[in-house]
Amino acid sequence: MGAAGTTLPLRYLDAVDADSALPQSFADGSEATSGTNSLIPSSMITPPGEFYVLQIRRPPHIKSAHWRLRVSGLVEKEHIFSYADITQMPSVTTMRTLKCIGDLIGAEQMSNAMWTGVRLADLLQKAGVKKEAKVVVFRCADGYHTAIPLDRALREETLLVYKMNGESLPQDHGFPVRLLNPGHYGTKNPKWIVDIMLAEEHEGYWEKRGWDPVARVKLATFVGTPSDGEKIQGGTVYTISGAAFDSGNHDGIKNIEISCDAGNTWEKAEIWVSDSPLTWYLWKYTWHVPKNSGETEIYARAIANDGLIQRESGYDAEPAGAVGYHTVRAEIVE
């Protein structure tokens, strides 16, 4: 039988401030959004105040001294971890990018940070995994719940993190701990985790609402500059820039190509900074703007290391993530 239920366990209520123990749900059940996300990244690291924020309810205020993380279900022995237990375990520090599954093309909720945490596999090993277990279920203090396959949970790259950019994980980003599940959209990277259960199956919060249960990141590229409708002086040199992301699903990104004539011709852009296939690639292209005035369409596409070329057309948003070129319309002026 699969795991069920989304209510915050009673034993954890004293770890949450009284004014947020029972957060108000949005009437339509949609994600709440706050913070900002720059479409023109100037460095690999996104400051916490600019890192995109989405959740189903306003974030709970959790007290680390009282917080406990239970690992239960199809395990040999239930195990309970304190915040100190987790922060004193051997740690991993790594850079990762997160992206929202509901992004419209060209309106990316996508940000990158340096994270510190522990391997989820190390916690599961302490509890002992029974052979019947197929998924790992995460329940969170805001009522959110989701699951990932056991084999994904046991990867070395799958982490429970407690620091962001060298500081304690901010409240908006999941304090005390959140999951980093590379290769998957934010729906599979839950925050404010209070309970981990091994089970045979589980239907998550967004899956119940029709969203893709796998949520694997699609190859995507966006143009940060120019902005849509921008006027650009003809006969000048202009730097087109942006970011691309694959999350390791196609072994990283090999090339970025830019078209300044609605896809008739393509030129290779420069990837000026990158860290790993699990982070975004920042790119730029030096455009020698023609003197002839008029409107033009600028496209950007990525080519992955496994040979996959980003698709030209698709959906602005779909239950499995948007696909298609980001198109920017610019006007060349005299």
Side-chain angles (χ1 to χ4, degrees), residues 1-9 12 68-81 85-86 89-92 94 96-99 101 115-162 174 176-218 246-251 276-278 319-321:
M1 295 180 64
T6 63
T7 303
L8 180 65
Y12 295 125
R68 297 293 183 271
L69 175 64
R70 182 181 71 163
V71 180
S72 62
L74 295 175
V75 296
E76 299 297 336
K77 184 178 180 181
E78 181 178 304
H79 208 101
I80 295 178
F81 297 88
D85 290 335
I86 290 178
M89 291 174 64
S91 65
V92 176
T94 183
R96 300 282 177 84
T97 298
L98 292 175
K99 190 177 190 297
I101 193 172
W115 311 86
T116 299
V118 299
R119 293 181 178 87
L120 176 59
D122 291 347
L123 274 71
L124 300 182
Q125 184 179 18
K126 289 180 181 293
V129 179
K130 290 186 176 181
K131 63 180 181 180
E132 298 88 355
K134 298 294 188 296
V135 299
V136 180
V137 182
F138 302 88
R139 293 197 178 96
C140 307
D142 65 340
Y144 185 70
H145 59 104
T146 192
I148 66 174
L150 178 60
D151 61 341
R152 306 294 287 181
L154 294 176
R155 294 176 298 166
E156 286 194 1
E157 298 85 2
T158 304
L159 307 176
L160 284 178
V161 295
Y162 51 83
V177 298
R178 75 170 299 166
L179 182 71
L180 287 188
N181 177 32
H184 301 269
Y185 289 111
T187 55
K188 294 296 181 179
N189 291 260
K191 302 181 285 188
W192 311 299
I193 299 169
V194 295
D195 199 272
I196 295 175
M197 176 179 287
L198 281 87
E200 293 183 20
E201 59 183 13
H202 180 83
E203 186 176 32
Y205 180 93
W206 285 115
E207 291 85 339
K208 288 177 180 290
R209 290 156 174 81
W211 289 86
D212 178 47
V214 178
R216 192 176 296 277
V217 171
K218 303 289 193 301
D246 165 58
S247 195
N249 289 321
H250 300 282
D251 299 324
S276 82
L278 304 184

Restricting to non-hydrogen atoms, name the atom on Cys140 and the atom on Val194 that form the minimum distance, rounded to 0.1 Å. C-CG2, 4.1 Å

Determine whether Thr187 and Thr146 satisfy the following criterion, side-chain contact (heavy atoms from CB on, under 4.5 Å), listing intermediate values before the conclusion. CA-CA 8 Å; Thr187 55; Thr146 192; 5.9 Å; no

Closest heavy-atom contact between Ile80 and Arg70? CG1-CG, 4.1 Å

Asp151: partners by side chain to side chain contact (heavy atoms under 4.5 Å, CB included), with sequence neighbours left out: Pro149

Rounding to 0.5 Å, atoms CG (Leu150) and NZ (Lys131) come to a distance of 14.5 Å

Tell me the closest heavy-atom pair linking Ser247 and His184, and the distance in Å. OG-N, 4.1 Å

Looking at CG of Leu160 and CG of Leu179, how far apart are the two atoms once the value is rounded to the nearest 0.5 Å? 6.0 Å

Residue pair Leu74 / Glu200, side-chain heavy-atom distance below 4.5 Å: yes

Side chains of Leu198 and Val71: does their closest heavy-atom pair fall under 4.5 Å? yes

Please name the pair of heavy atoms, one in Tyr162 and one in Ser91, separated by the smallest distance, quoted to 0.1 Å. OH-CB, 3.5 Å

Going through the distances and angles, do Thr158 and Arg119 end up as a side-chain contact (heavy atoms from CB on, under 4.5 Å)? CA-CA 6 Å; Thr158 304; Arg119 293 181 178 87; over 6 Å; no

About how many Å separate CG of Leu180 and CG of Leu278, when rounded to the nearest 0.5 Å? 10.0 Å

Given His79 and Asp85, is the side-chain contact (heavy atoms from CB on, under 4.5 Å) satisfied, shown in steps? CA-CA 11 Å; His79 208 101; Asp85 290 335; over 6 Å; no

Output, in order, the C-alpha distance, side-chain angles, deciding distance and verdict of side-chain contact (heavy atoms from CB on, under 4.5 Å) for Tyr144 and Trp206. CA-CA 9 Å; Tyr144 185 70; Trp206 285 115; 3.4 Å; yes

What one should report as the nearest heavy-atom pair of Phe81 and Lys126 is CE2-CD, 3.6 Å

If you define the side chain from C-beta out and look only at heavy atoms, does anything of Asn249 sit under 4.5 Å from Lys218? no

Kindly compute the distance separating OH (Tyr205) from CH2 (Trp211), expressed to the nearest 0.5 Å. 12.5 Å

Do Glu156 and Val92 have side chains that get closer than 4.5 Å, going by heavy atoms? no

In this structure, which one of Val161, Val118, Asp122 forms a side-chain contact (heavy atoms from CB on, under 4.5 Å) with Ile86? Val118

Nearest 0.5 Å please: distance from the CD atom of Glu201 over to the NZ atom of Lys134. 10.5 Å

So, the side chain of Arg155 versus the backbone of Pro182: is there a donor-acceptor pair under 3.5 Å, distance only? yes

Would you please name every residue forming a side-chain hydrogen bond (donor to acceptor under 3.5 Å, both in side chains) with Glu207, sequence neighbours left out? Lys188

Describe, in one word, how the ring planes of His202 and His145 are oriented to each other, choosing from parallel (under 30°), tilted (30 to 60°) and perpendicular (over 60°). perpendicular

For a quick test of reading the model, state the closest non-hydrogen atom pair linking Ala320 to Tyr185 and the distance between them. O-CE1, 3.6 Å

Calculate, to the nearest 0.5 Å, the distance between atoms NZ and CG belonging to Lys191 and Asn189 respectively. 10.0 Å

